[in-house]
Amino acid sequence: MTPEELSAAITSALTASVDAGELAVPAEALPKEVRVERPKNREHGDWATNIALQLAKPAGVPPRKIAEVLTARLAEIPGVSRVEIAGPGFLNITVDAAAAGELAKAIVEAGTAFGSNTAMAGTRINLEFVSANPTGPIHLGGTRWAAVGDSLARIFQSQGADVTREYYFNDHGIQIDRFARSLLASAKGEPAPEDGYGGDYITEIADAVTAAHPDILAAADPQEEFRSHGVELMFAAIKESLHEFGVDFDVYFHENSLFEDGAVEKLLEQLKGLGHLYAKDGAWWLKSTAFGDDKDRVVIKSDGHAAYIAGDIAYFKNKRDRGFDLCIYMLGADHHGYVARLKAAADALGDDADRVEVLIGQMVNLVKDGVPLRMSKRAGTVVTMEDLVDVVGTDAARYSLARFSSDSNIDIDLDVLTKRSNENPVFYVQYAHARTCAVARNAAATGVERTAFDAAALTHATESELLAVLGQYPGVLAQAAAYREPHRVARHLEVIAGAYHRWYDVCRVTPLGDEPVTDVNRTRLWLNDATSQVLANGLGLLGVTAPERM
RNA sequence: GCGUGAGUAGCUCAGCAGGAUAGAGCGUCCCUCUCCUAAAGGGAAGGUCGCGGGUUCGAAUCCCGCCUCGCGCACCA
């Protein structure tokens, strides 16, 4: 029995109770779903609900009174062995070992599908993340989003959503010009321009471009040549890094295309027609304050060039035209001022601002000896995705970036990483999975097979605990999707790994010495394999491998 | 100044979609491998959940105020 199943049973018991006139609760006060939680204290049963406390006020009845009414009905739920009223009105529910144990079999039979859902079926999501300018390699901030974004995409997919991973390739504007000038300077053997980029990669790309085009400095517009070839090389390198990181985008969208096909121009005309643009100081402004922004924004600069936001409005329109219901943007905290602008743009287009959802991720800082290190692209002192992967590997890099809430700043201590220490919990989870595989191998070698299954044999306290946390997994996925928080998956895997290790320590799957194989052994193998499956499924959602041996 | 995120164990962080005795990893100190992987497990120590009010049966969690830190507040992208 999973908490969701129990929740559903309690909900219908509650409804039945109201229908029968035992409880007078206004319909609007009835929750769609009664929440059940795992009590911290095992003396409080397997699951508990505070529904009686919540209904006390709207029903105008003391909570314990409501609890009493519900107790009789809850006790009749198949699989429920005991219901107790505790404290101010908690309902503590104990489940039959057999009913709880059935889950092990259900998980093994569901296989890779366990935990997935169809709650988001039919929703088309455009998830845009990383979108780093092709003026340099992906730094740590982008790497964090690559890990979190890709994982979020996988979690959405587990809930049935149709997800497109998209990378907005910013190949238009002055950053790119600076990049081109930096390449040109390098090729000429000159120092990097004051507002340009430094770092070894500039030299490497400049050399590569020169090698492929020996006469490039004699071209009519060498800077333009370096721009086009350099961006191409840089972008190929970025794609390669992402690919090795396990992140492959469905769409790499070129900002330039919005200008080339006239989409931006057309859109600006449309906005003018709607009366949302006005001219001031030689520029064209979007009246974004009318749509919740804190100030109006320039869309066409007084020099006649489009401002960045112009492309972004057109891009949003483009996404909607491609049929996406929800456009999610994952931005760094240094861009959070952009949220109101994007929503205002959608609003101005006559679209629903709720189609735009912006997720803000806090910064990743480098720390050395407890002191923050300043990263500078210009000075070339950035730590890149490749650097991180070189030191800790893809699994540890992805896991350690995905296990934190995006709301938290994270500090990465290079000394700790270079020590290759076991401080990273990814090993804890992966080791648990490897252990399940070792146990399965030993079981096979000693003739323990999943022939029989006796759910009632899973009686040990650690088995009850393990089953409970495995049962929580689908709910954790649903919440991770609903709140756009992949770290919840990682954290729960750590809980499952802990429960598994404790179970492993006291409950053997294979018999000792020449003891006979019993149904207890066989049933425990089901539980072992169920755990293996859930860990593998969860690690998969994080883009981390589930090794069979370590 | 305005906006926004954070402040929880020595360190790094969960918990915040109100619940019962506030958790995990790492670090420190004990203990457990003649039998499934000790990258593990058990135990100990370690907390004014930034501070002050409020809401209620109940607040780390919600509301208000304050303090500290990060990040924004362009005709840059």
Side-chain angles (χ1 to χ4, degrees), chain A residues 35 37 39-41 43-44 48-50 53-54 56-57 62-63 86-90 92 133 135 170 172-176 178 195 255 280-285 294-295 297-303 305-309 311-312 332-340 360-363 365 367 370 372 400 403-413 416 421-428 430-432 434-443 445-446 448 462 479 482-483 487-488 490-492 494-495 497-498 500-513 524 528 549-550:
Chain A
R35 279 181 54 186
E37 49 186 45
K40 278 169 244 162
N41 189 335
E43 287 169 19
H44 294 154
T49 176
N50 62 354
L53 292 157
Q54 288 181 342
K57 188 159 284 180
F90 290 104
N92 294 337
N133 286 351
T135 54
N170 180 262
H172 187 273
I174 70 167
Q175 302 288 354
I176 294 293
R178 288 177 184 166
D195 58 354
E255 182 188 13
K280 193 184 96 180
D281 303 334
W284 281 93
W285 298 67
D294 59 343
K295 56 183 72 167
R297 306 291 170 180
V298 167
V299 289
I300 303 176
K301 297 185 270 186
S302 52
D303 65 4
H305 286 103
Y308 186 74
I309 190 175
D312 238 339
D334 53 341
H335 286 83
H336 81 253
Y338 214 71
V339 178
I360 297 298
Q362 298 300 315
M363 306 273 105
N365 299 308
V367 171
S400 55
R403 75 184 287 271
F404 295 111
S405 160
S406 296
D407 289 338
S408 297
N409 288 68
I410 51 183
D411 293 334
I412 289 192
D413 188 328
V416 171
S421 74
N422 283 336
E423 275 183 45
N424 198 324
V426 69
F427 294 112
Y428 185 76
Q430 286 186 315
Y431 183 68
R435 234 183 193 181
T436 63
C437 295
V439 168
R441 286 191 295 269
N442 288 317
T446 48
V448 179
T462 58
Q479 287 211 319
Y483 302 135
H487 76 273
R488 288 169 182 268
R491 298 292 172 156
H492 193 64
E494 290 167 27
V495 170
Y500 176 77
H501 286 312
R502 280 184 286 278
W503 172 70
Y504 169 91
D505 214 47
V506 291
C507 294
R508 291 187 58 90
V509 171
T510 56
L512 269 179
R524 283 178 175 169
N528 179 78
R549 297 173 197 272
M550 284 177 76

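In what follows, chains are A, B, ... by sequence order, proteins preceding strands, each numbered from 1. What's counted below: heavy atoms across the whole structure, side chains too, no hydrogens, waters or symmetry copies.
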Requiring both pairing distances under 3.5 angstrom, list the stems that contain RNA chain B and are made of three or more consecutive Watson-Crick or G-U pairs.
B:1-7 with B:67-73, B:10-13 with B:23-26, B:28-32 with B:40-44, B:50-54 with B:62-66

Please give, in whole Å, the distance from [N] [atom2] to [X] [atom1]?
{"X": "Lys57(A)", "N": "C57(B)", "atom1": "NZ", "atom2": "C1'", "answer": "9 Å"}
{"X": "Asn442(A)", "N": "U37(B)", "atom1": "CG", "atom2": "C1'", "answer": "9 Å"}
{"X": "Asp312(A)", "N": "A77(B)", "atom1": "CG", "atom2": "C1'", "answer": "10 Å"}
{"X": "Lys280(A)", "N": "A74(B)", "atom1": "NZ", "atom2": "P", "answer": "13 Å"}

Looking only at side-chain atoms of Tyr428(A), point me to the closest of G41(B), U37(B), C71(B).
G41(B)

Residues in side-chain hydrogen bond (donor to acceptor under 3.5 Å, both in side chains) contact with Asn92(A), at least two apart in sequence or another chain
none

Within the 4.0 Å heavy-atom criterion, would you say Ser405(A) contacts the bases, only the backbone, or no part of the nucleic acid?
sugar-phosphate

Using a cut-off of 4.0 Å on non-hydrogen atoms, how would the nucleic acid contact of Asp411(A) be classed: base, sugar-phosphate, or nothing?
sugar-phosphate

pi-stack flag for His501(A) and A39(B), centroid dist under 5.5 Å, interplanar under 30°:
no

Phosphate OP1/OP2 of A38(B): any Tyr504(A) side-chain N/O under 4.0 Å
yes

Distance test, side-chain N/O of His492(A) to OP1/OP2 of A24(B), below 4.0 Å:
no

Quick one: on RNA chain B, does Cys437(A) or Ile309(A) contact a more 5' nucleotide (nearest heavy atom)?
Cys437(A)

List every contact pair, protein side and nucleotides 16-20 of chain B side both N or O, where the distance is under 3.5 Å.
unit_1: A17(B); atom_1: O3'; unit_2: Arg35(A); atom_2: NH1; d: 3.2
unit_1: A17(B); atom_1: O2'; unit_2: Arg35(A); atom_2: NH1; d: 2.6
unit_1: A17(B); atom_1: N9; unit_2: Tyr483(A); atom_2: OH; d: 2.9
unit_1: A17(B); atom_1: N7; unit_2: Tyr483(A); atom_2: OH; d: 2.6
unit_1: A17(B); atom_1: N1; unit_2: Arg488(A); atom_2: NH2; d: 3.1
unit_1: G19(B); atom_1: N7; unit_2: Asn50(A); atom_2: ND2; d: 2.6
unit_1: A20(B); atom_1: OP2; unit_2: Lys40(A); atom_2: NZ; d: 2.8
unit_1: A20(B); atom_1: N6; unit_2: Asn92(A); atom_2: OD1; d: 2.6
unit_1: A20(B); atom_1: N1; unit_2: Asn92(A); atom_2: OD1; d: 3.1
unit_1: A20(B); atom_1: N1; unit_2: Asn92(A); atom_2: ND2; d: 3.2

For nucleotides 29-35 of chain B, tabulate all protein N/O to nucleotide N/O atom pairs closer than 3.5 Å, reporting atom names and distance.
unit_1: C35(B); atom_1: O2'; unit_2: Arg508(A); atom_2: NH1; d: 2.8

Using the test ring pair (Phe, Tyr, Trp, His ring centres under 6.0 Å), find all partners of Phe90(A) that sit at least two apart in sequence or belong to another chain.
none

Syn or anti for C13(B), taking syn as within 90° of 0?
anti

Distance between C1' atoms of A9(B) and A45(B) (Å, rounded)
11 Å

Quick one: what's the B/S/- string for nucleotides 2-11 of chain B, heavy-atom cutoff under 4.0 Å, read 5' to 3'?
-BSSS-----

